Student: 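One structure is given below, represented as structure tokens, and several questions about it will come after.
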Amino acid sequence: MRKELPKNYDPLDFEDRIYAEWQQKGYFKPDPDKKKKPFSIVIPPPNVTGQLHMGHALDETLQDILVRYKRMQGYSTLWIPGTDHAGIATQIKVEEQLRVNEGLTRYDLGREKFLERVWDWKKQYGSRIINQLKKLGSSCDWDHERFTMDEGCSKAVREVFVNLYNKGLIYRGFRIINWCPHCRTALSDAEVEYTEQNGNFWHIRYPVKGEEGRFVTVATTRPETMLGDTAVAVHPEDDRYADLVGKTLILPLVGREIPVIADEYVERDFGTGCVKITPAHDPNDFEVGKRHDLPVIKVMNDDATISAEYGGKYAGMDRFEARREMVKDLEEQGYLVKVEPCVHNVGTCYRCKTTVEPLTSDQWFVKMEPLAKPALEAVTSGEIRFRPERFTKTYTNWMENCHDWCISRQLWWGHRIPAFYCDACGEMTVSKEDIEVCPKCGAPVRREEDVLDTWFSSALWPFSTLGWPEQTEDLARYYPTNVLVTGYDIIFFWVARMIFSGLEHTGKKPFSTVFIHGLVRDAQGRKMSKSLGNGIDPLKIIEQYGADALRFALATGNAPGNDMRFSDEKIESARNFVNKLWNASRFVLMNLTEEDEELLALPAEEELAIEDKWILSEFNRIVRTVNENLDHYEIGVALAEIYSFTWDRFCDWYIEMAKSRIFDGGRPALTVKRVLVYVLTGILKLLHPFMPFVTEEIWQALPHEGESIMIAPYPVYDEKREYPAEEQDIERIIACITAIRTRRSEMNVAPSKKAKLFVVTKYEDSFRNTEKFLQKLASVSELAIVDSYPADDAVSIATDAGNLYIPLAEVIDFEKERARLTAEYEKNEGEILRVSKKLENEGFVSKAPAAVVEMERAKLQKYLEMRASLTEALAKLK
RNA sequence: GGAGGCUUAGCUCAGUUGGCUAGAGCACUUGCUUGACGUGCAAGGGGUCAUAGGUUCGAGUCCUAUAGUCUCCACCA
């Protein structure tokens with residue numbers, strides 16, 4: 001007895017079970033068959049502390065679609081999953097937990113104890129996100145699961161660090177960097193987010209030394225930094241201040257003497273034209289300071305309090321408190337000229353949103369210029385391609401303008417920098433292996449405290465996960481990977497850095513295609529965020545609607561790279577489609593009484609009915625477009641094609657047409673069932689990459705060959721299976737049935753009221769071959785093909801296939817009929833005019849492609865036939 | 001300041017290299033216990049494709065300008 005599907009579609013019944021089966025059968029593993037072509041993807045590793053959110057859901061869905069598609073096409077697919085240690089993010093979480101639960105800071109615990117806590121946390125939460133990925137149906141090879149701080153990845157990190165250092169591409173230097181006073185670490189440029197904030201422009205006057213009563217007025221948004229001022233700059237060609245250059249000013253509140261200098265960096269028209277220069281706390285001032293050899297006075301501590309050394313009475317105050325106090329004092333002492341409100345961009349930490357403090361510090365950097373050049377070339381040459389293409393520009397702009405990458409972080413959670421200092425002789429050693437003593441003088445060394453930027457290890461992900469620096473089989477077979485799927489928000493953080501790292505360390509690009517998607521927003525189009533509380537939990541959606549519906553909703557109705565909104569309507573409509581597929585399958589299944597072998601054989605050509613050929617032909621065409629679109633990463637288009645074929649063609653027409661044949665029984669019934677099984681199975685295969693669970697569940701219930709739809713071959717276009725004549729026949733009849741339904745509906749004729757149909761047509765065979773459909777689907781009691789309709793008691797319907805007459809004298813309003821037919825006639829005349837004009841146009845006929853011209857000719861033919869029909873129908877009304 | 005996106009039906013969006021009478025989902029109107037599905041079936045209404053020019057036989061699609069809107073980068077203190 002064949003397995004039956006439950007009446008109601010309930011994904012909870014089978015999703016977990018099916019996933020477990022797939023995993024147990026080993027379908028996620030790459031096929032060891034060397035003859036198969038490899039296809040590989042590395043997952044953008046979610047943060048180990050994270051929960052699955054809609055962004056992940058979209059990202060994983062797209063990857064899984066590609067991987068499942070390729071797997072069914074016979075590739076040996078490897079999709080590597082894993083998680084990222086997420087340095088700052090994780091450390092913040094653990095510190096927060098520590099603070100809340102125990103009232104302790106990481107300093108209370110000390111480095112070693114604290115790291116134990118973080119590892120505990122990782123063990124506890126790391127598997128959570130992995131399990132959530134499974135809920136989505138992700139067909140990753142879990143045997144290949146990696147973590148950015150596991151042994152292999154850590155080895156790769158060290159290898160890369162030492163190599164870059166030896167090449168002079170990593171250096172340690174005293175520079176101005178972005179400092180997060182809350183996380184107490186340096187940040188890279190990419191990790192600073194600029195937000196517009198309301199602030200003030202304080203105009204402050206600095207007295208000129210030796211010239212009683214003379215002042216220079218500077219304007220600043222950050223008065224507290226004046227403690228570190230070491231000059232005031234004016235433009236060299238600014239006549240207003242020409243005589244001041246070289247003079248000395250007395251810094252208010254501080255009393256220190258600073259020079260007036262001339263530098264082209266100053267914009268004459270902005271502010272007062274005089275700029276206070278604070279090399280220790282402003283990147284531009286730092287550059288000015290270097291040019292003029294100014295002292296660098298750092299006035300803040302790591303927590304952004306004012307330093308004891310230079311703070312004077314403000315020492316120990318928080319920077320913002322100091323600002324208030326200093327403004328007050330400046331005002332009291334008569335130095336404050338005016339306060340001008342302004343909106344300005346303030347840099348904030350991308351993890352904790354604290355205002356970033358630019359300050360000078362000793363840090364480690366990656367020299368970007370030599371790395372950026374080949375990375376840029378790989379993309380501009382087309383070796384690596386962005387989809388959609390417009391993101392190429394985002395990438396190249398950044399790559400062309402990026403500064404050296406600050407990679408050291410004053411955190412504890414991360415890859416510790418493999419540098420060792422000897423206090424005895426001052427030697428620094430960078431080494432792949434840990435060392436205890438200085439190679440130069442033999443004194444004990446101490447290891448660098450800093451760890452590396454999280455993104456330093458993520459940058460190696462495509463090859464570190466495949467075993468690099470070992471030359472493993474995996475690396476040889478699956479690197480470079482084929483495609484990287486990720487959001488546009490991490491092109492700088494991650495994609496760019498993977499590209500230059502891959503090129504530098506493996507000599508190969510890490511992937512051929514970068515497939516970029518947008519953000520998932522809420523129904524109002526707002527970014528989902530914790531603070532807004534508008535996040536939609538994908539796991540709740542899965543519980544409620546099923547993973548297939550979620551995947552469908554995410555994969556459809558939006559163009560690549562664009563943001564999308566996630567709404568109730570969207571997920572409901574997705575669920576409705578799954579439900580439709582379920583029920584169509586139930587219908588097919590409940591009518592299969594024959595043996596599997598019998599049903600699986602596709603009928604011989606001569607046994608196929610006209611509608612069989614029609615649906616097979618249409619299916620075949622859909623197969624082609626789906627393949628083409630998937631090959632071009634047009635996932636939404638591919639899915640929309642399957643959707644409309646399944647619902648509008650297969651369910652609404654073919655199944656309806658099939659009913660009469662099934663219930664008639666006999667040989668034709670076997671044929672139609674075979675076609676039903678064939679096309680439905682084909683639909684399931686086409687849909688499997690998008691909706692893996694439900695397609696597997698139904699496929700298993702249907703007659704099938706093989707163990708799982710997951711490893712069944714993806715449908716391919718078959719040029720032999722094209723039946724243009726039959727397609728035309730059926731399309732013609734569908735148009736007639738629709739026209740009849742429309743007329744009857746307009747005239748409020750109950751569907752139950754059957755009527756005879758008279759047809760005047762030159763497509764006699766089309767009508768005769770499909771009489772049963774007209775009867776069944778257009779409430780026709782009997783079909784009569786005539787040369788001309790004899791009476792004037794009929795509703796007439798003009799079609800390009802001929803004239804249809806339905807004797808329904810009691811419902812006809814002749815005036816209305818005439819008006820309607822006339823309107824239709826006019827409209828048709830308009831079309832005739834439009835198309836004939838086109839065809840009379842010399843330019844069109846000579847320049848347009850022949851196929852297009854041919855199409856227009858056929859169109860004109862249709863309109864002319866329609867005109868004949870309408871003329872006849874109108875004549876009948878007289 | 002620089003770059004890019006978006007503007008198509010009441011709403012949310014498709015429309016791939018220019019070429020069938022511009023589509024879908026949702027919403028709306030009308031009818032339907034039609035042998036899987038009311039999470040459904042049938043029929044229908046609804047769009048000067050932001051505006052103005054241009055290229056072309058032909059423009060929602062390409063070019064230029066304008067307006068509105070969003071995002072990213074830069075940072076003039």
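The structure presented is a predicted model; accordingly, all values stated were derived computationally and were not measured. Letters go in sequence order (proteins before strands), and every chain restarts at 1.
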Student: Rounding to the closest angstrom, what is the interatomic distance between B:U7 and B:A50 at atom C1'?
Tutor: 6 Å
Student: If we take the C1' atom in both B:G15 and B:A22, what is their distance in whole Å?
Tutor: 8 Å
Student: Check each of A:R323, A:R319, A:H281, A:K276 against A:T225 using the side chain to side chain donor-acceptor pair (under 3.5 Å) test, and report the only one that passes.
Tutor: A:K276
Student: Can you tell me if A:Y206 and A:D229 form a side-chain donor-acceptor pair at under 3.5 Å?
Tutor: yes
Student: Could you report the tightest heavy-atom contact between A:L550 and A:M54, atom names first, then the distance?
Tutor: CD1-CE, 3.7 Å
Student: B:G18 and B:U34: how far apart are their C1' atoms, nearest whole angstrom?
Tutor: 45 Å
Student: Mind running salt bridge (Lys or Arg N to Asp or Glu O under 4.0 Å) on A:R649 and A:E731 for me, showing each step along the way?
Tutor: CA-CA 11 Å; A:R649 303 274 98 182; A:E731 292 303 334; 2.9 Å; yes
Student: Please check the phosphate of B:C41 (OP1 and OP2 only) for any side-chain N or O of A:W647 closer than 4.0 Å.
Tutor: yes
Student: Could you verify whether a donor N or O on one side chain and an acceptor N or O on the other, from A:E340 and A:H203, lie under 3.5 Å apart?
Tutor: yes
Student: When the distance from CZ of A:F391 to P of B:A3 is rounded to whole Å, what number comes out?
Tutor: 17 Å
Student: In which stems does RNA chain B show up, taking only runs of three or more Watson-Crick or G-U wobble pairs whose two distances fall under 3.5 Å?
Tutor: B:1-7 with B:67-73, B:10-13 with B:23-26, B:28-32 with B:40-44, B:50-54 with B:62-66
Student: Salt bridge or not for A:E389 and A:R385, using N-O below 4.0 Å?
Tutor: no
Student: Which residue, A:E641 or A:D282, contacts RNA chain B at a nucleotide closer to its 5' end, judged by nearest heavy atom?
Tutor: A:E641
Student: Ignoring hydrogens and angles, state whether a donor on the side chain of A:Y350 or A:E193 is under 3.5 Å from an acceptor on the partner side chain.
Tutor: no
Student: Tell me the interatomic distance from A:F386, atom CZ, to B:G5, atom P, rounded to whole angstroms.
Tutor: 15 Å
Student: From CD of A:Q524 over to P of B:C11, roughly how many Å is that when rounded to an integer?
Tutor: 15 Å
Student: Look at the side chain of A:N579 and decide which nucleotide, out of B:C37, B:A77, B:C41, has an atom nearest to it.
Tutor: B:C37
Student: Is the distance from OP1 or OP2 of B:G4 to the nearest side-chain N or O of A:R390 less than 4.0 Å?
Tutor: no
Student: Give every residue pair that meets the salt bridge (Lys or Arg N to Asp or Glu O under 4.0 Å) criterion with at least one member in residues 575-586 of chain A, sequence neighbours excluded.
Tutor: none
Student: Contact class for A:S567 vs. all strands (heavy atom < 4.0 Å): base, sugar-phosphate, or nothing?
Tutor: nothing
Student: Using atom P in both nucleotides, what's the gap between B:C13 and B:U71 to the nearest angstrom?
Tutor: 14 Å
Student: With P as the reference atom in both, quote the distance from B:A14 to B:A24 in angstrom, rounded to an integer.
Tutor: 16 Å
Student: Tell me what A:S752 touches on the nucleic acid: a base, only sugar-phosphate, or nothing, going by heavy atoms under 4.0 Å.
Tutor: nothing
Student: Heavy atoms under 4.0 Å, any strand shown: does A:G557 hit a base, just sugar-phosphate, or nothing?
Tutor: sugar-phosphate
Student: Please state whether the rings of A:Y654 and A:F650 are parallel, tilted or perpendicular, taking 30° and 60° as the class boundaries.
Tutor: parallel
Student: From the options B:A77, B:A14, B:A43, select the nucleotide whose nearest atom is closest to the side chain of A:N558.
Tutor: B:A14
Student: Salt bridge check, A:E656 against A:K659: does any charged N sit closer than 4.0 Å to a carboxylate O?
Tutor: yes
Student: Between B:U21 and B:C49, how far apart are the P atoms? Round to whole Å, please.
Tutor: 16 Å
Student: Using a heavy-atom cut-off of under 4.0 Å over every strand shown, decide if A:F492 touches base, sugar-phosphate, or nothing.
Tutor: sugar-phosphate
Student: Assess, by modelled atom type and distance only, whether the side chains of A:D563 and A:Y488 contain a donor and an acceptor separated by less than 3.5 Å.
Tutor: yes
Student: Mind checking what makes side chain to side chain donor-acceptor pair (under 3.5 Å) contact with A:R387, not counting sequence neighbours?
Tutor: none
Student: Under 3.5 Å between N/O atoms: give me all the protein pairs with nucleotides 61-65 of chain B, atom names plus distance.
Tutor:
none

Student: Shorter than 3.5 Å, N or O on both sides, protein versus nucleotides 33-36 of chain B: list them out with atom names.
Tutor:
| unit_1 | atom_1 | unit_2 | atom_2 | d |
| --- | --- | --- | --- | --- |
| B:G35 | O6 | A:K776 | NZ | 2.6 |
| B:A36 | O3' | A:R586 | NH2 | 3.4 |
| B:A36 | O2' | A:N583 | OD1 | 3.0 |
| B:A36 | O2' | A:R586 | NH2 | 2.6 |
| B:A36 | N7 | A:K659 | NZ | 3.4 |
| B:A36 | N6 | A:E656 | OE2 | 3.0 |
| B:A36 | N3 | A:N583 | O | 3.2 |
| B:A36 | N3 | A:A584 | N | 3.2 |

Student: What one-letter contact string describes nucleotides 17-28 of chain B from 5' to 3', where B marks a base within less than 4.0 Å of any protein heavy atom, S marks contact via sugar-phosphate atoms alone, and - marks no contact?
Tutor: --BSB---SS--
Student: What's A:T742 touching, base or sugar-phosphate or nothing? Going by heavy atoms closer than 4.0 Å.
Tutor: sugar-phosphate
Student: Return the value, rounded to whole Å, for the distance between atom CG of A:N629 and atom C1' of B:G15.
Tutor: 12 Å
Student: Nearest whole angstrom, please: distance from the C1' of B:G5 to the CD of A:E389.
Tutor: 15 Å
Student: Expressed as a whole number of Å, how far does the C1' atom of B:G19 sit from that of B:U61?
Tutor: 11 Å
Student: Distance check needed: B:A77 P versus A:R268 CZ, whole Å only.
Tutor: 18 Å
Student: Which part of the nucleic acid, if any, lies within contact of A:N562, taking any heavy atom under 4.0 Å across all strands shown: a base, the sugar-phosphate backbone alone, or nothing?
Tutor: sugar-phosphate
Student: When the distance from OH of A:Y194 to C1' of B:U71 is rounded to whole Å, what number comes out?
Tutor: 17 Å
Student: Nearest-nucleotide wise, let me know which of A:V266 and A:R521 is further upstream toward the 5' end of RNA chain B.
Tutor: A:R521
Student: For A:E572 and B:C37, what is the distance between atoms CD and P respectively, to the nearest whole Å?
Tutor: 21 Å
Student: Is any side-chain nitrogen or oxygen of A:R222 closer than 4.0 Å to OP1 or OP2 of B:A77?
Tutor: no
Student: Does the A:D404 side chain pair with the main chain of A:M368, one donor and one acceptor, at a distance under 3.5 Å?
Tutor: yes
Student: Roughly how far apart, to the nearest Å, are B:U8 and B:C62 at atom P?
Tutor: 16 Å
Student: Between the side-chain atoms of A:R575 and the base atoms of B:U39, is any donor-acceptor pair under 3.5 Å?
Tutor: yes
Student: Hey, what's the ring geometry for A:W398 with A:F492, parallel, tilted or perpendicular (30° and 60° as the breaks)?
Tutor: parallel
Student: Do A:T625 and A:E628 pair up side chain to side chain, a donor and an acceptor below 3.5 Å, judged on atom types alone?
Tutor: no
Student: Kindly give the heavy-atom pair with the smallest separation between A:A755 and A:L808, and that separation in Å.
Tutor: CB-CD2, 4.1 Å
Student: Take A:R857 and A:Q861, measure what side chain to side chain contact (heavy atoms under 4.5 Å, CB included) needs, and give me the verdict at the end.
Tutor: CA-CA 6 Å; A:R857 290 229 167 86; A:Q861 184 59 33; over 6 Å; no
